[in-house]
Amino acid sequence: CLQKYKPEVLSGVVVVNTKETVQHQGISLTMEGTVNLQLSSKSVGVFEAFYNSVKPIQLINSNIEVVKAGKVPSGKTEIPFEFPLHVKGNKVLYETYHGVFVNIQYTLRCDMKRSLLAKDLNKTCEFIVHSMPQKGKQAPTPVVFSISPETLQNVKERTTLPRFMIRGRLHSTNCIITQPLTGELVVEHSEVPIKSIELQLVRVETCGCAEGYARDATEIQNIQIAEGDVCHGLPIPIYMVFPRLFTCPTLETTNFKVEFEVNIVIVLQDDHLISENFPLKLCRV
């Protein structure tokens, strides 16, 4: 099957390639859209109510007949179709998203039914759904930061840390998903040579219900923006493109949430690892 996505309509052609005439009992298309939720191993068994809240959520489930029973001639046959995206009840078409504990996926399956003696033929492929653009202008939310032993949290022996000062800024933590995350970082000074500076994009997926929630953070991608002991006082550009299938506009519903964060990670030569976390809000305009 070959499709292209239009707003509210999925259109394309069903392609049948055959060396000889094929008898069939009808060709149909089935459209499905599902949110699959999964609990991490640490959450299983914590709340009994979770087992009801993580059942798959069906957004679309519809079927159309493209061709009635008959014959397809030998050679290549293309059958055009238009399939409207009718959601179930008051459901919302969330944007396509491939996560670890939350997965939002839309598929189109083509079935050719054949006689009892011949095997039915089918083919499934995924199509991508974009959420509706958000209304109004998205105001940038710049963040200026400084990282030093005094600003770090979760440190037991602060006095044993080497002295360092790293300053920088993110141009906006309110991000348009089709545009890169940008900013800059400057190492003012560091007693210990630097080994690496990295940008780590993290998804935070929450599944659950009123009785309790399971919140899990997992890495999407890690980009090294500097290697070795960089020049002090030199601005280092921050630039990260959001990967299409593994990110989506920040999403919050009754049963699940999908949020995003970025970590700036500095690894020192003595293997001290310094990390600063910034929550992001992703949107589509």
Side-chain angles (χ1 to χ4, degrees), residues 1-39 51-133 177-178 205 207 220 243-249 251 253 255-256 258 284:
C1 296
L2 174 69
Q3 310 90 28
K4 57 182 178 178
Y5 177 71
K6 295 178 182 177
E8 308 294 330
V9 173
L10 187 69
S11 63
V13 292
V14 175
V15 180
V16 182
N17 277 306
T18 176
K19 292 180 180 179
E20 54 190 29
T21 301
V22 174
Q23 186 87 28
H24 64 86
Q25 303 303 310
I27 300 174
S28 64
L29 291 173
T30 303
M31 181 189 290
E32 289 187 329
T34 310
V35 181
N36 285 303
L37 305 176
Q38 184 181 330
L39 293 179
Y51 292 100
N52 291 325
S53 67
V54 297
K55 287 180 179 176
I57 303 166
Q58 203 163 54
L59 306 175
I60 300 176
N61 187 8
S62 50
N63 180 278
I64 58 171
E65 187 178 53
V66 180
V67 177
K68 294 186 182 296
K71 293 180 181 179
V72 177
S74 61
K76 182 179 178 181
T77 302
E78 294 188 353
I79 306 159
F81 67 85
E82 283 200 349
F83 203 155
L85 277 73
H86 292 312
V87 296
K88 295 189 71 174
N90 60 350
K91 295 287 194 300
V92 176
L93 282 184
Y94 304 121
E95 183 154 319
T96 297
Y97 167 71
H98 292 186
V100 178
F101 305 106
V102 178
N103 198 66
I104 305 169
Q105 194 166 20
Y106 300 88
T107 58
L108 187 69
R109 190 181 78 244
C110 180
D111 291 288
M112 178 189 281
K113 294 197 176 297
R114 302 169 75 189
S115 64
L116 294 172
L117 299 176
K119 186 180 177 182
D120 289 353
L121 301 176
N122 61 70
K123 176 75 173 177
T124 302
C125 59
E126 181 180 9
F127 64 94
I128 308 301
V129 170
H130 286 176
S131 60
M132 294 294 286
I177 199 167
T178 53
E205 297 167 320
C207 302
I220 298 173
R244 173 57 195 93
L245 291 178
F246 306 118
T247 55
C248 66
L251 187 56
T253 75
N255 292 100
F256 67 94
V258 182
R284 185 174 292 280

Is any side-chain heavy atom of [X] closer than 4.5 Å to a side-chain heavy atom of [Y]?
| X | Y | value |
| --- | --- | --- |
| Thr247 | Ile220 | yes |
| Val35 | Gln58 | no |
| Val258 | Tyr97 | yes |
| Gln38 | Val100 | no |
| Met112 | Val22 | yes |
| Val72 | His24 | yes |
| Ile57 | Thr34 | no |
| Phe81 | Leu29 | yes |

Using every non-hydrogen atom in the two residues, find where [X] and [Y] come nearest and quote the distance to one decimal.
| X | Y | value |
| --- | --- | --- |
| Pro80 | Val66 | O-CG1, 4.5 Å |
| Arg284 | Ser131 | CD-O, 3.5 Å |
| Asn103 | Gln105 | ND2-OE1, 3.4 Å |
| Ile177 | Pro249 | CD1-N, 3.8 Å |
| Val14 | Cys110 | CG1-SG, 3.7 Å |

Just how far is it from atom [atom1] of [X] to atom [atom2] of [Y], taken to the nearest 0.5 Å?
| X | Y | atom1 | atom2 | answer |
| --- | --- | --- | --- | --- |
| Leu37 | Phe256 | CG | CZ | 6.5 Å |
| Met31 | Phe83 | CE | CZ | 4.5 Å |
| Ile104 | Leu251 | CD1 | CG | 5.5 Å |
| Asn122 | Lys113 | CG | NZ | 9.0 Å |
| Leu10 | Ser62 | CG | OG | 10.0 Å |
| His98 | Cys248 | NE2 | SG | 11.0 Å |

Task: From CA spacing to verdict: ring-ring contact (aromatic ring centres under 6.0 Å, His included), Tyr106, Tyr94 - done: CA-CA 10 Å; Tyr106 300 88; Tyr94 304 121; 8.8 Å; no
- [ ] Indicate yes or no for a side-chain donor-acceptor contact from Thr96 to the backbone of Val129 under 3.5 Å, with no hydrogens or angles considered.
- [x] yes
Task: Under 3.5 Å: donor-acceptor pair, side chain of Glu205, backbone of Phe101 - done: yes
Task: For Ser28, side-chain hydrogen bond (donor to acceptor under 3.5 Å, both in side chains) partners two or more places apart - done: none
Open item on the list: Side chains of His86 and Glu8: any donor to acceptor distance under 3.5 Å?
Closed with: no
- [ ] May I have all residue pairs that pass salt bridge (charged side-chain N to carboxylate O under 4.0 Å, His left out) and include part of residues 58-70, sequence neighbours excluded?
- [x] Glu65-Lys68
Open item on the list: Under the rule for salt bridge (Lys or Arg N to Asp or Glu O under 4.0 Å), what residues qualify as partners of Arg114, not counting sequence neighbours?
Closed with: none
Open item on the list: Which residue in the set Val67, Asp111, Leu121 passes side-chain contact (heavy atoms from CB on, under 4.5 Å) when paired with Ile27?
Closed with: Val67
TODO: Report the residue from Ile64, Ile60, Leu108, Asn61 that forms a side-chain contact (heavy atoms from CB on, under 4.5 Å) with Thr30.
DONE: Asn61
Task: Salt bridge present between Glu95 and Arg244 (N-O < 4.0 angstrom) - done: yes
